[in-house]
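Numbers here simply count residues along the sequence, with the first being 1.
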Amino acid sequence: MSKDQFNTVSKLNIRGGGKEIVSTNVCFTGNAIALLNAYAATGTAIHLDDWDGYNELRGGSLYYIVTDIKKAVLSV
């Protein structure tokens with residue numbers, strides 16, 4: 001495996017409240033991970049307003065834990 005292989009992978013574009021969110025502060029549970037494939041394959045931005053989740057303070061940093069996609073978004 002080339003050491004540069006991971007540099008060619010694009011990061012997830014995560015947005016919330018009209019601005020880009022640092023992806024290292026966003027975690028996805030198993031249910032949400034299974035739904036991420038379409039976003040990762042197309043490069044489409046993930047809008048946190050379309051997902052269910054909650055905020056959690058970890059080691060003095062605020063994280064957003066994504067648990068599932070809202071049902072109204074699934075039907076679109």
Side-chain angles (χ1 to χ4, degrees):
M1 179 184 310
S2 168
K3 69 176 183 175
D4 295 325
Q5 181 177 0
F6 295 107
N7 293 337
T8 61
V9 177
S10 61
K11 67 175 185 152
L12 288 175
N13 182 1
I14 302 173
R15 305 195 58 78
K19 61 182 178 178
E20 187 169 358
I21 305 295
V22 178
S23 61
T24 56
N25 289 7
V26 179
C27 300
F28 295 87
T29 64
N31 290 344
I33 289 170
L35 297 168
L36 282 176
N37 190 35
Y39 291 92
T42 63
T44 304
I46 297 170
H47 295 275
L48 292 181
D49 297 337
D50 297 338
W51 295 77
D52 291 323
Y54 59 92
N55 291 321
E56 185 174 291
L57 191 60
R58 294 182 178 178
S61 296
L62 187 63
Y63 285 81
Y64 189 77
I65 312 302
V66 180
T67 57
D68 205 349
I69 196 163
K70 293 182 180 175
K71 300 305 178 202
V73 175
L74 282 176
S75 63
V76 173

List, by chain and then residue number, the residues other than Ile65 in its hydrophobic cluster (Ile/Leu/Val/Met/Phe/Trp/Tyr, side-chain heavy atoms under 4.5 Å); write none if there are no others. Tyr54, Tyr63
A side-chain contact here means heavy atoms from C-beta on lying under 4.5 Å apart; do [X] and [Y] qualify?
X	Y	value
Arg58	Cys27	yes
Asp52	Lys70	yes
Val66	Leu48	yes

Which atoms form the tightest heavy-atom contact between [X] and [Y], and what is the distance?
X	Y	answer
Trp51	Leu35	CH2-CB, 3.9 Å
Leu57	Leu62	CD1-N, 4.0 Å
Ile33	Phe28	CD1-O, 3.4 Å

